[in-house]
Asks: 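This is the structure, below, for whatever I ask next.
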Amino acid sequence: MAHWLLKSEPDSYGWDDLVRDGGTEWDGVRNHAAAKHLRAMAVGDDAIFYHSGKDKAAVGIARIARAAQADGDEGWVSVRVEPDRSLPRPVTLAAMKAAVGLQDMAMLRQSRLSVSPVTDGEWTALMRLAGE
DNA sequence: GCCAACGTTGGC
DNA sequence: GCCAACGTTGGC
């Protein structure tokens with residue numbers, strides 16, 4: 001099972017919104033690298049939900065509830081995402097940068113990427129930081 | 001408010 | 001095909 005990281009600006013659509021809605025269509029992605037990751041997602045994959053902007057912290061774990069389908073007519077895709085659980089302790093960006101084993105995270109190396117892969121090792125390290 | 005990174009657009 | 005200009009994202 002693969003792991004991912006989804007980034008969102010909490011003022012536009014945050015973790016609380018996802019929990020309230022019980023899930024949402026992760027659409028509107030218009031970046032080829034991010035779209036490639038969306039296409040690689042499978043039902044049941046877990047995704048860290050990260051708040052950019054003021055929070056700058058991973059706050060929850062979401063699950064991919066449906067694989068990629070067309071989002072518009074130009075080859076872009078969207079997936080369905082549902083909330084799984086909140087993290088016992090949010091993991092801040094500063095904590096990720098400081099953590100051994102997370103320095104190479106795709107999200108840290110390319111900060112603008114809104115959808116990125118997380119390796120098994122990174123996932124384990126993140127869960128430890130999150131108090132899971 | 002500024003700047004770095006990165007993608008897109010358009011002139012040549 | 002190159003590159004300057006510009007827009008967007010996101011951290012500081």
Asks: Taking any heavy-atom pair under 4.0 Å as a contact, classify A:K97: base, sugar-phosphate, or nothing.
Replies: sugar-phosphate

Asks: Could you check whether A:L93 gets within reach of a base, just the sugar-phosphate, or nothing at all, counting any heavy atom under 4.0 Å?
Replies: sugar-phosphate

Asks: Give one of base, sugar-phosphate or nothing for A:Q110, where a contact means two heavy atoms less than 4.0 Å apart.
Replies: sugar-phosphate

Asks: Under the 3.5 angstrom rule, does the side chain of A:S8 hit a backbone N or O of A:Y13 as a donor-acceptor pair?
Replies: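 Answer holds: yes.
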
Asks: If you compare all heavy atoms of A:L18 against all heavy atoms of A:A62, which two are closest, and at what distance to 0.1 Å?
Replies: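 Shortest heavy-atom contact: CD2-CB, 4.1 Å.
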
Asks: In the structure I gave you, are the side-chain heavy atoms of A:Q103 and A:L108 within less than 4.5 Å of one another anywhere?
Replies: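 When only atoms from C-beta onward are counted, A:L108 and A:Q103 do not touch, as no gap falls below 4.5 Å.
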
Asks: Earliest and latest nucleotide of DNA chain C, 5' to 3', sitting under 4.0 Å from a non-hydrogen atom of chain A?
Replies: C:dG7 to C:dC12

Asks: Angle class for the A:W123/A:H3 ring planes (parallel below 30°, perpendicular above 60°, tilted otherwise)?
Replies: parallel

Asks: Is there a donor-acceptor pair closer than 3.5 Å between any side-chain N or O of A:D45 and the backbone N or O of A:A2?
Replies: yes

